[in-house]
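A short worksheet on the structure shown next.
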Amino acid sequence: MEPITLTPPPAFGLTAQQLAWLTPYFFVLGGSCLALLLSVYEATKPSISVPATIILAFLGGIATTLPLIEQPPTLLFGGMLIADGFTAYANILFLISAAAVTFFSRRYLLNQDLEHTEFYTLIALSALGMMIMAASTDLVMIFLGLELMSISVYVLVGFRRNDRRSNEAGIKYYILGSAASAVMLYGAALFFGATGTTNVQVGAIRAIQMGMGQNALLIAGLLCILIGFLFKIASVPFHMWMPDVYEGAPAPVTGFMTTGLKAAVFITLLRVFSSMVSVPALSPQAMEAFQNVLWVSAALTMFLGNVAALQQTNIKRMLAYSSIAHSGYLLVGLLAGPQSHDGFSAVLFYVVIYTIMNLGAFAVVSAIAQKGDTGLELNDLSGLSAKHPGLAFLLAVFLFSMAGIPPTAGFTAKYYLFYSAIQAGQVWLVVLAVLCSAIGAYYYLRVIVQLYMREAIAGSPLQNWKPSRAAVTTALAAVILVLQLGIYPAPALKMLRLGPAEAPAGGAPAEAPGH
Amino acid sequence: MIPVPVPVILSFCAAIFFIGLAGVLIRRNILVVIMSIELMLNAVNLTLVTFSAALDHPHGQMAVFFIIVVAAVESAVGLGLVIALFRTMRTVDTDQIQLLKG
Amino acid sequence: MASSTSCLLSWLVFLPLLWALVGLCIPTNTASGLKLSKLSALIGSLVTFAVSICVYQQFDPASAQAQLAENHAWIPSLGVGYRLGIDGISLWLVLLTTFLTPIVILSSWESVEKKVKAYYALILALETAMLGTFLAMDAFLFYTFWEAMLIPMYFLVGIWGGKERIYAAMKLFLYTMAGSLLMLVAIFYLAYQYKLQTGLGYSMYLPDLYMVKIPSGGYLAPQSLLFLAFTIAFAIKVPLFPLHTWLPDAHVQAPTAGSVILAGVLLKMGGYGLIRFVLPLFPDAVRLYQTPMLVLGTVAITYGALIAWVQTDVKKLVAYSSVSHMGYVVLGIFALNPTGMTGAVYQMLCHGISTSGLFLLVGMIYDRRHTREMSDFGGISKVMPLFAIAFMIILLSSAALPGTNGFIGEFMILLGLWQTSQVLAAFAALGVILGAVYLLFMFQKVMLGPVTGDENKRLKDLSLREVAVLVPLLIAVFWMGFNPGFWFKKMQTSIDASLVPYSQSAVASSNAEKVGTPWNP
Amino acid sequence: MLALIPLLPLIGFLINGSWYALGQARGGKAVPATAAGGIATATIGASFVCALMLFLQLLGSEEEARTLEVTLFHWISAGALQIPFTLRFDQLSSLFCLVITGVGSLIHIFSIGYMGHDESPQKFFAYLNLFCAFMLVLVLGGSLPVLFLGWEGVGLCSYLLISYWYTDPDKASAGKKAFIVNRIGDLGFLLGMFLIFTTFGSLDFTALKQLVLTMPVSGGIMTTICLLLFVGCTGKSAQIPLFVWLPDAMAGPTPVSALIHAATMVTSGIYLVSRLSFMFALSPDALCVVATIGAATALFAATIAIAQNDIKKVLAYSTVSQLGYMFLACGVGAYASGVFHVITHAFFKALLFMGAGSVIHGMHEEQDIQKMGGLRRLMPQTFLVFAVGWLAIAGIPPLSGFVSKDEILWMAFASEHGSVALWVVGALTAALTAFYMSRLFILTFLGTPRFKVAEPQDKGHHDHGHGHDHGHGDAAHHGVAVHESPAVMVLPLAVLAVLSAVAGAIGIPHMSWLEHWLHPVLAHAPALRPEVHHETEWVLMGVSVGIAIVGIALAFVIYGNLKTAERFKTQWASLAKILSNKWYVDEFYDALIVKPLNALATILWKFFDVKVIDRIVLSLGDASNQSGALARSLQNGSTQLYAFLMLAGFLSIVGYSLYGIFH
C-alpha cells in the first residue's frame, strides 16, 4: 500500500466552495477589526455601535454558515482545517453563544462601569479561536485556535481590572492555562515525532500503517494532548482553576466560558478523540488504558463536581462546580461514543443543550449581578420570585433543566447521553452518573428554594433594580428552546445525529486517496 | 563533528520542559512563573525542531514559528495581567493571591 | 396495538394543564378576580372529571388491551413514541385522580391565601402529570410524567407547606428522584436489549419491552438487578418499609391539598408501577424476590401501624398509617394471584378515598386551630358533631370495617396472601388489630373526652363547603364497601392479563423455553 | 319480608341519624326522647312482627322447607371469590331473630324512659337501631363474610354505645378497649375464614355443610379452622383470654348493657359455633378446647363476680360466666342446650340488667351496691321483677334458668365429649352464681337503706338529676330521692320477668321442643358416655338444685347481717383483694402486652425510624456534604497547589497508562 498523503488544494487559490466555508471566519475577523477601529473613535464615550457591529458580524457568520450545513465536507489550507456539517454546527453554536453574551453583557458592563469596547472585540476574537479550533484537524491549528480563544479569555476574566478577585482569577487562569497548553503542545511535539505529521487524521492513518499501536512516543504524546484537553474541560484533577476563575470573572464572561469555551473544547476533543478511535490506531491495550483513564476521570469529575457544589453559597461558584459535574457526564458520553450505535451524537446534543441552558442561566445571573458582581450569594436571591416572578421563573427552568428534570431539555440530553452509554456497556458508570445527578439536584433545588420558598431578606443588595431587557430576552429565548427541546426533541436530534459514517473525524479517511 | 544522538537531545528537551514545570510549581514570583512557562514552551520548540531534523520534515519547524509568536503574545498578555494585579494587590507573590478559594 | 383515531386520552391528560395556563392569565389583584381564578380551577377539574367519565363509558371491560390508544411518533430515533392507553387498572386510578382533584381544590378554597393563582395552576399541572403517568404506554413518556410530577409537588410542599416545608420538599424530591434514576438506567437497559434481541431498533413501547427476555437465576442476575432498580423506585413511592422516611415529613409539612394528592394518588403510582412494569417485565425475579417483598410488606404493615400508634401529631399518624396501608398493596401484588391483585388495586382506590378523607379532616381542624398536636384537642365531638360523624365514617373505612371500602381491599389482599403464604398472612392480619388501635387512640384523644380549652369550645362545625368536600368521599366509602363488583368488573380482565406470566402453565412453558433456547448475551 | 327484618331497624337508624345530623347542622336543639325512641321502637317492633310472621310460616311448613333465603345483591365477586349478600332464615336464625327483635323491642321501650333526659336521643336510638340491624345481619347472613359484616358491625355499635358518654375519658376508653379486644378476636375469625375458603372454596353455610360432609379434610386443618373461629368467639363472647372488655363495657348506658352485652351481641359466638357445628363436630380437639375454655371462664368470672360492688359489674361478670356455660355446652356437643341457654339467659339477664338500670335510674346514677339496700320498699315493682331474674339465674326450678343450666350440666357430665371434671366446674360455678346473685340481691333490695333518703319534697330534684355524668355528687349532699321507675320502664321488665319464668318450657329435658326444632341445622347431639346411666340425670338434677339453694343460703347467712359480711371479708382479705381486682388480669395484660408494645412502638419510632432508617438516608446526604467539604478544603486558593495536583494527575495518568500498556 502506497503511503498516504493528502492532496493539497492549490495554494491560496481557494475554490468558491472553500471561500464560502471561510466567509463566517471573515465575518467574525472583519467584525472584530471593525470594532477595534470604531473603538478608537469611541474610546471616551462608548455607544452601541461597537456591540452592534460585533453582533451583526456574528449574525452574518451564522447566516453564511447555515447554507453550508448540508454541503459535502471540504478540506481547507492543506487539510489543516476541515469544513463539514460538524464544523458548521459547531460554528453556529459558538456564534450564537458569543452573540448572546454580547447581547446581554452591554447592560451589565454599563452597570459595572466596565464599558470598554475591547470587551466585545475580545469576545469576537475568542469566538474566532473556537471556530478555528473546532474545524482543525491539525495539532498546530488546534493550538493556534486554542490560544486565540484562551488568551482573549484570560483578558476577559481579568476584565474588572480594579477588582482583586477578577485580577486573581485572570492570573490563575493564565498561569495554569498556559502550563496546560504547554503540556498539550509537548504532546503535539511527541505526536509529530512519532508520526511525522501534526495532522491528527494523517497521523492516525500512519500509525495504523506503521503498526504504532504500542509506540511509546505516540502514546505519551496522545496522553499529553488528552491531559491538555482535560484541563480545559476541567476534569478532575485538572479542575481546580475552574471555580476560582468562574467566580472571579465578570458574570457574562463566566457565561461565555461555560458555554462557548467549553463547547469548543469538547467539540475539538471529540474530533481528535474520534479520529483516533474510529480507526484502530492504537493497540487494544492502549485503548483500554485510555478508556480506563477516561472512566476514572469521568467518575471523579461527576462526583467531585456535584459534591463540591453542595457546599457553595455563591451562585457563580456553584455553577462552576456544576459545570465540572457536567463535564463528567460529557466524559461518560465521550467514553461511550465509540461503542455506541449513535456514536457521538449524544455528546454533541448534550453540548448543544448545555450551552443553551447555561446561556439562559448566565443571562439571568448577569441580570441579577449588582456592582462588583455582588448580589450573587444564595441568600441574596431570597424571595426573588416575589419581586421578579418572571426572572425567577426563567432561572428556575434553567436550574431544573441542569438538574435533568423532565420536561426540560436537560432531561432529554441526559437521557440520550446515558442511554448511549448503556449501549456501550457502561452500566456501572451510568449508575454512578445518575446517583451523582441525584446529588446534584440538591444544589439546583437549593437555589429554587431561595427563589420561591423564602422571604426576601432585608438589606439584600437586590433591593431596587430592574433586570436588563436584553438579558431577559436572551433568557426567554433560551427557555423556549429548553422547553421545546425537552418536549419535542426529535427534529433537533435528527439534525444533530452523527451516523457512524459522519463521525466528527470528518470524511478525511474517505477523502484520502487510496480509499 | 559527531552529531548528538536524537534521544539525547530529546531527553535534554524533556529536562528543560520539566525544569519549566518545576519553576511553575515552586517559584512564588509570578514573573518567574511566566518565565518558566516560556521555558516549557521553548522546550517544546526544541523538541519539534529536533524531530523535524531527525525526520527530515519541515512541519515541525513551521510549527515552531507559530509557537514563538503565540508565546510572545501570551507573555504580553500575562505581563498585562500581572501589572493589573500589582495595581490592586501590591504584590506579585503567588502565596498572597488566595482570595478565591473554597 | 389497535390505534384509534380518538384523542380523548390526550384531552384528558392535557386539559388540566391547558386550563392551568389559561387560569394564569386571570388577573387576581381584585377579590373578584381571585374568586374567579379559584372558580376556574374548580371548573377545570370538574370538566376533567367529566372527560374521565367519558373515558369510563368508552372503556370495554372485556379487553385486556390498552384501549383508546394513541400512538404517535415522538422521538423516533430513540424508539420513543407518544403512546397513551388505558386498561382496567389505570382506568380506576385515573378516575381516582380526577375525582380527588376537584375535592382538593374545593378544600383549599379558604385555607390557601398566598399566591393563589400559582397554587391552583400547580394543582392542575400536577393532575396532568399524574394522569399522564397512569396513561403512558411508553417507558419514556411514563418516566417523563413520573419525574415531571415532582416539580409541582415540590412547589406545593415548599411554598404552601408548614414550618419545615423546605426540608420536606427537598427530601421528597431527592428521595424520589434518586430512586427513579436507577429505574431510568434499567429502562435504558431494557430498550437496548430489545434492540439486540429483535434487531428492530429501539423501542420504549411497553408491550415491546415486555417481550424482552433477560437472563435470570440468582439474586444478582441481570433480571434481578433490573427488578431491584424498578422495584426500589416504586417502593420509594409506595412507600415500602424501609424506604418510607420521606413520607412522614412530606405529609406533615405539605398543605392539606398536597397531603391529599400525595396520599391519594402519588403513592398509588408505586403500586401501579409494580403492576405495570415489574410484574410483566421480570417474572423470574419477581418469583425469586416474592418472599422478601412479602416480608417487607408485612413488616411495613405492623411497623407503620405501631409507629402511628405513638404519634402525637395527627397528620404524622395518618402518614404512618399510609405506610401501613400501602404495605397491604405490596402484599396483594406480590401474592401473585388474582384475588390478591384485585385486592391490591382495590386497596389503592380505598386508601385513596379514606386517607384523603383523613387528611382533609385533619386539614379542616388545622385550619381552625392551627395545630395538629393531639394534646391540643379533646372532646371535639361535642363542639363539632357533624365533623365527628364524618371523621368516624372515614376512620372506620381506614380501619377496614366490613361495609366500608377498606374491608374489601384488605379482605381480598389477605385472602390472596393466605393462598400464597399463611404465616405471612397471619402476621399481616395483625394490621387489622393495630389499625383499630392507632385510629381509635387518635379518635379518642382528639374527639372524645371532656372539651378542653377555650379555643376548642369555640370551634365551628363544618361549613357547607366542607360538607360538600366530604360527602363525595363518604358516599364512595359505602358505595365501594357494598358494591365492589361495580369496580371489579372493569378491572378483572386486565388483572388476569397482568398475571398471565405467573399462571402455572406460563411457568412451565417459560422453563421449557429457557431449556430450549438459552439466551445469549 | 326477610330483607325487611334487618332493613327496618336500618331505616330507623337512617331516620334518627339524619335527624340528628340535620339537627346538629342547625344548631342541635334537644328533641324529646319519645319521638326519637318512638321511631326506633316502631321499626324494631315491626321487625319483630316480621320475624314472628316468618317464624310462624316456618312452623307451618315441612321440616325440609324450613329455610327461607333471599339474595339482596352481589357483594364481592372476584374470580373464585363469589359472595352474594344472602340472608337465610332457618330454624337457628329464626330463634335468634326473635330474641333480638323481641328483647330488642322491650329494651327500646325501656330506653325511652331511661334516656328521657339525654341531650340527643336521636343519636342514641340511631345507634341502637343500627346495632339491631347489624345483629340481625349477623344471624341472618347466609355466608361467613356477611356474618362477619354483622359481626364487626355490632362491634362498632358496641364501641359507639359504650363510649356514648364520651366526655368521660374512662367511658371513651372502655369503648375503645371493647373494639380493640374484639378486633383481636376478629383476626382469628378472619384467618379462619381464609382457611375455610382455601380448603373448601366456599364461604356459604349451605355449601360448606355439603362440602364438609363430602370432602375429606385432615383433622388438623379442621381443628385449626375451628380454633381460629373460636378465637373470634372468645373476643365477641368475652371468654378467656379476651373477656376483659366486657366488664368495662358497662360504662355504656344500661339498656345498652342489657341489649348488647347480655342478651344479643355477646351470644353471637355461640351462634357461630352452633351455625358451624357441623365443622366443630368433626374436630374433637377443638371441642375440647371450647369446653375447657367455657368451663374455665364460667368459674373464673364467677369468682370475680363475688367481690364486685358495682351492680353492673357483678352482672357483667355473671354474663361472662353464663357465656362460659354456653360454650361449655357447645364444647360437649350439646349445641341445642347452648342455644337454649342463650335464649333463657337473654330473658333473665336482660331483665336483671334493666332491673339494675331501673335501680340506677331510681338511685340517680348510683351503681355501688354498698350504698344501696332496702330498695324493696322504695322500688317495689323493680324489686319484684328483679327477684324473678335472680331466682332464674340462680337455678331455682322451675324458672327458665334452672332448666337450661341443668341441661348443660347434665350434658357436661354425660356427653361423650364431657367429663366429671367439667361437671364439677359447672356445678361449682352454679353454686357461686347463686351466691353472688343473692349477695347482689340482698345488698340492693333487702336490709335497710345505706344512703340518706331524701325528703319527698326534694322530688323536683330528680328532673335534672338524670344527666349521665352528674348526680353522684348531688346524692351525697342532698340525699337521694329514690323513686320507682315510670311505667315505660317497668312494663318491659314485667314482660321479661314472665318470659324468664316460663321460657324453660321450650326445652324441658326429654321432650324438648327446642332440640327437635333445631335438629336439622345443628350437628347431631353427642352420644352419651357408655358408663353414664340415665338415672344419674335425676340425681344430678337434685344435686344442682341443692347447690343453688346452698349458695343462696350461704349468701343470706353472710350478707343478711352486714357485720358477718365484714368479718367474712376481713378473714379472707387477701382473697377478697385479688377477686375485687379481678385476678389482676387487666394489669397483667397491660404489663405484658400493652406497655411493652407501646414501648416497642416508641423505640421503633424515636430510635429505629428516626435514628436508624432516616439517619441512614440522611447520612447519604451528609456523606455527600462531607466529601464536598473535603473537596472544598483542597481548593485552598493557591495556584501552585492547583498546579501541583495537576502534575500529580499528569504523572499518574501517564504512569498508569504507560505501565498498563507496556507491562
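Residue numbers begin at 1 in each chain, while the letters A, B, ... track the order of the sequences.
For chain C, the nearby part of Phe73(D) is the side chain; its heavy atoms alone come within less than 4.5 Å. Only the side chain of Leu618(D) has a heavy atom closer than 4.5 Å to any heavy atom of chain C. Ile603(D) does not touch chain C: none of its heavy atoms, backbone or side chain, sits under 4.5 Å away. Using a 4.5 Å cut-off between heavy atoms, Leu600(D) touches chain C through its side chain atoms alone.
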Stepwise, does the ring pair (Phe, Tyr, Trp, His ring centres under 6.0 Å) test hold for Phe411(C) with Phe148(D)? CA-CA 11 Å; Phe411(C) 180 78; Phe148(D) 191 65; 7.4 Å; no
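A 4.5 Å side-chain heavy-atom check between Lys382(C) and Tyr166(D) finds at least one atom pair inside the cut-off. Taking 4.5 Å as the limit, every side-chain heavy atom of Leu191(D) sits out of range of all side-chain heavy atoms of Gln422(C).
One finds the CZ atom of Phe488(C) at 8.0 Å from the CG atom of Leu81(D) (value rounded to the nearest 0.5 Å). Separating the CZ atom in Phe407(C) from the CD1 atom in Ile76(D) is a distance of 5.5 Å, to the nearest 0.5 Å. Here OH of Tyr20(D) is found 7.5 Å from CG of Leu386(C). Values are rounded to the nearest 0.5 Å. Taken to the nearest 0.5 Å, the CZ atom of Phe441(C) stands 7.0 Å off from the CG atom of Asn598(D). To the nearest 0.5 angstrom, Glu152(D) atom CD is 5.0 Å from Leu401(C) atom CG. One finds the CD1 atom of Ile307(C) at 11.5 Å from the NZ atom of Lys606(D) (value rounded to the nearest 0.5 Å).
The minimum heavy-atom distance linking Leu187(D) with Ala429(C) is given by the pair CD1-CB, 2.9 Å. When every heavy atom of Phe482(C) is checked against every heavy atom of Leu149(D), the shortest pair comes out as CE2-CD2, 4.0 Å. The shortest heavy-atom contact between Gly481(C) and Trp75(D) is O-NE1, 2.7 Å.
Note that Lys176(D) lies outside the cation-pi zone of Phe443(C), set by a 6.0 Å cut-off to the ring centre and a 45° limit from the axis.
Residues His244(C) and Asp609(D) have side chains that bring a donor and an acceptor to within less than 3.5 angstrom of each other.
In this structure, Tyr167(C) places its OH atom where more than 12 heavy-atom neighbours from other residues, nucleotides or ligands lie under 6.0 Å away.
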